Amino acid sequence: MDLLTVSHELETLSKERLKKMYIANGAHEPVFGCATGAMKPLSKQIKKNQPLVEELYATGNYDLMYFAGVIADAEAMTEADFDRWMNQAYFYMLSDFVVAVTLSESPIAQSVADKWIASGEELRVSAGYSCYCWLLGRLKDDQFDTEKLLLMLDEVAKGIHAAPERAKASMNNFVYTVGLSYKPLHDRALKIANEIGEVTVLRGKKKPQILDAYASILKEVERGRVGFKRRYVRC
């Protein structure tokens with residue numbers, strides 16, 4: 001299946017209301033408005049096709065870039081490939097839900113995410129913390145360095161309120177995810193979340209978003225979901 005065929009298929013599946021929603025969240029033309037769930041039958045036909053993936057991602061079309069992440073062979077991608085993807089990820093739905101998700105299934109995930117977090121660049125920081133969230137929510141606890149995650153929690157506590165807006169959201173989600181999915185640091189994450197308190201994320205013309213990792217973790221405790229792991233992260 002080639003680029004033109006995939007583009008036609010996804011455009012056929014698009015909905016105007018979804019296009020408006022994507023644009024409201026930061027996407028810009030070209031964008032179709034295809035639901036992620038509607039992509040599944042097509043992804044099953046194609047499976048993994050890395051040359052096609054790179055063609056799709058290079059179009060700049062939000063839906064095609066998202067679909068590239070769905071069918072990407074993450075293990076075949078290099079650090080340079082992920083950096084190139086990040087250079088083209090112009091808003092958080094690409095950085096956090098396409099690039100970070102794909103990276104989370106790569107053997108170089110943590111090293112690349114660490115570099116992005118250290119960069120200080122808003123979307124790279126956001127993608128780095130988001131990648132850890134996808135990792136923590138899927139991999140067994142023994143695949144992480146507890147001391148490293150503890151240091152990351154402490155860094156978030158120190159810097160979250162002064163961080164760029166999108167980075168704030170992902171940093172807050174990191175604290176929540178550690179509290180939910182990484183049992184060895186559940187208590188520490190809960191304590192840090194309480195110390196951080198509410199986090200206000202400005203969203204342009206939209207109403208500011210108020211995040212509270214402490215309250216969110218407590219809800220999961222009440223539901224008995226501490227230790228939650230998912231089987232898959234990609235569509």
Side-chain angles (χ1 to χ4, degrees), residues 48 50-51 53-54 56-58 65-66 68-160 162-164 166-186 188-189 192 213 227-235:
K48 291 179 180 178
Q50 203 58 26
V53 162
E54 295 300 345
L56 290 165
Y57 198 85
M65 294 171 83
Y66 189 98
V70 173
I71 63 171
D73 183 355
E75 295 185 2
M77 294 178 68
T78 66
E79 182 174 335
D81 292 328
F82 286 112
D83 281 334
R84 176 164 42 79
W85 277 32
M86 271 304 304
N87 289 338
Q88 296 173 262
Y90 61 87
F91 79 125
Y92 80 94
M93 287 175 67
L94 288 170
S95 65
D96 294 10
F97 301 117
V98 178
V99 186
V101 170
T102 307
L103 175 61
S104 74
E105 295 194 353
S106 163
I108 58 174
Q110 291 192 44
S111 62
V112 174
D114 291 342
K115 186 186 75 170
W116 288 350
I117 290 170
S119 75
E121 297 175 26
E122 183 170 13
L123 289 183
R124 275 181 160 76
V125 173
S126 183
Y129 279 110
S130 291
C131 180
Y132 268 97
C133 291
W134 296 116
L135 288 166
L136 288 161
R138 179 174 62 88
L139 301 181
K140 293 181 179 180
D141 289 348
D142 61 10
Q143 295 189 51
F144 298 94
D145 181 336
T146 301
E147 289 302 315
K148 178 182 178 181
L149 293 179
L150 181 57
L151 288 173
M152 291 176 69
L153 284 173
D154 289 340
E155 287 300 312
V156 169
K158 293 174 186 174
I160 189 169
R166 184 59 215 174
K168 285 182 186 177
S170 294
M171 292 163 82
N172 184 84
N173 193 40
F174 172 75
V175 176
Y176 160 76
T177 305
V178 174
L180 168 64
S181 296
Y182 189 70
K183 285 185 175 181
L185 289 178
H186 167 76
R188 180 62 177 167
I192 286 178
F228 167 79
K229 301 287 184 180
R230 57 172 59 86
R231 290 186 63 188
Y232 306 103
V233 295
R234 285 197 278 179
C235 174

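Being a predicted model, the structure only gives us computed values, none of them experimental.
In this structure, Glu155 has no side chain to side chain donor-acceptor pair (under 3.5 Å) partners at least two apart in sequence or on a different chain. By the side chain to side chain donor-acceptor pair (under 3.5 Å) test, Asn172 is found to be paired with no residue, residues two or more places apart in sequence or in another chain being considered. A search for salt bridge (Lys or Arg N to Asp or Glu O under 4.0 Å) contacts involving Lys229 returns Asp141, not counting sequence neighbours. Scored by the side chain to side chain contact (heavy atoms under 4.5 Å, CB included) test, Ala76 finds Asp73 as partners (sequence neighbours excluded). In this structure, Lys140 has no salt bridge (Lys or Arg N to Asp or Glu O under 4.0 Å) partners at least two apart in sequence or on a different chain. Residues satisfying the salt bridge (Lys or Arg N to Asp or Glu O under 4.0 Å) test with Arg138, not counting sequence neighbours, are none. The side chain to side chain donor-acceptor pair (under 3.5 Å) check on Gln88 picks up nothing, with sequence neighbours excluded. In terms of the side chain to side chain donor-acceptor pair (under 3.5 Å) criterion, residue partners of Thr78 (sequence neighbours excluded) are, by chain and number, Asp81. The ring-ring contact (aromatic ring centres under 6.0 Å, His included) search around Tyr57 returns Trp85, not counting sequence neighbours.
Interatomic distance, Ser106 OG to Glu79 CD, rounded to the nearest 0.5 Å: 9.5 Å. For the atom pair CG (Leu103) and CD1 (Ile108), the distance works out to 6.5 Å, reported to the nearest 0.5 Å.
Between Thr102 and Val98, the closest heavy-atom pair is OG1-O, 2.7 Å. Closest of all the heavy-atom pairs between Val233 and Arg230 is CG1-CD, 3.7 Å. Here the shortest heavy-atom pairing between Leu135 and Ala109 reads CD1-CB, 4.0 Å. Shown here for Thr177 and Gly137, the closest heavy-atom pair between the two residues is CG2-N, 4.4 Å.
Using a 4.5 Å heavy-atom cutoff, the side chains of Phe144 and Gln110 are in contact. A 4.5 Å side-chain heavy-atom check between Val175 and Ile160 finds every atom pair outside the cut-off. Taking the side chain as every heavy atom from C-beta outward, Met77 and Gln50 approach each other to under 4.5 Å. No side-chain heavy atom of Gln143 sits under 4.5 Å from any side-chain heavy atom of Leu136. Contact check for Leu123 versus Val99: no side-chain heavy atoms found under the 4.5 Å cut-off.
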side-chain contact (heavy atoms from CB on, under 4.5 Å) between Glu121 and Met86, intermediate numbers included: CA-CA 11 Å; Glu121 297 175 26; Met86 271 304 304; over 6 Å; no
Could you go step by step and tell me if Arg188 and Asp154 meet the side-chain contact (heavy atoms from CB on, under 4.5 Å) rule? CA-CA 10 Å; Arg188 180 62 177 167; Asp154 289 340; 3.0 Å; yes
- Item | Test side-chain contact (heavy atoms from CB on, under 4.5 Å) applied to Asp96 and Ser170, step by step | CA-CA 8 Å; Asp96 294 10; Ser170 294; 3.1 Å; yes
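For residues 97-114, the set of pairs meeting the salt bridge (Lys or Arg N to Asp or Glu O under 4.0 Å) definition, not counting sequence neighbours, comprises Glu105-Arg234, Asp114-Lys148. Applying the ring-ring contact (aromatic ring centres under 6.0 Å, His included) rule to pairs touching residues 100-133 yields Tyr129-Phe174, sequence neighbours excluded.
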Hey, can you pull the donor-acceptor pairs under 3.5 Å for the side chains in residues 178-185, sequence neighbours left out?
from	atom 1	to	atom 2	distance (Å)
Ser181	OG	Phe228	O	2.9
Tyr182	OH	Thr146	OG1	2.5

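For the side chain to side chain contact (heavy atoms under 4.5 Å, CB included) with Ser95, the lone residue among Phe97, Phe91, Tyr92 that qualifies is Tyr92.
Between the Ser126 side chain and the Glu122 main chain, no donor and acceptor come within less than 3.5 Å of each other.
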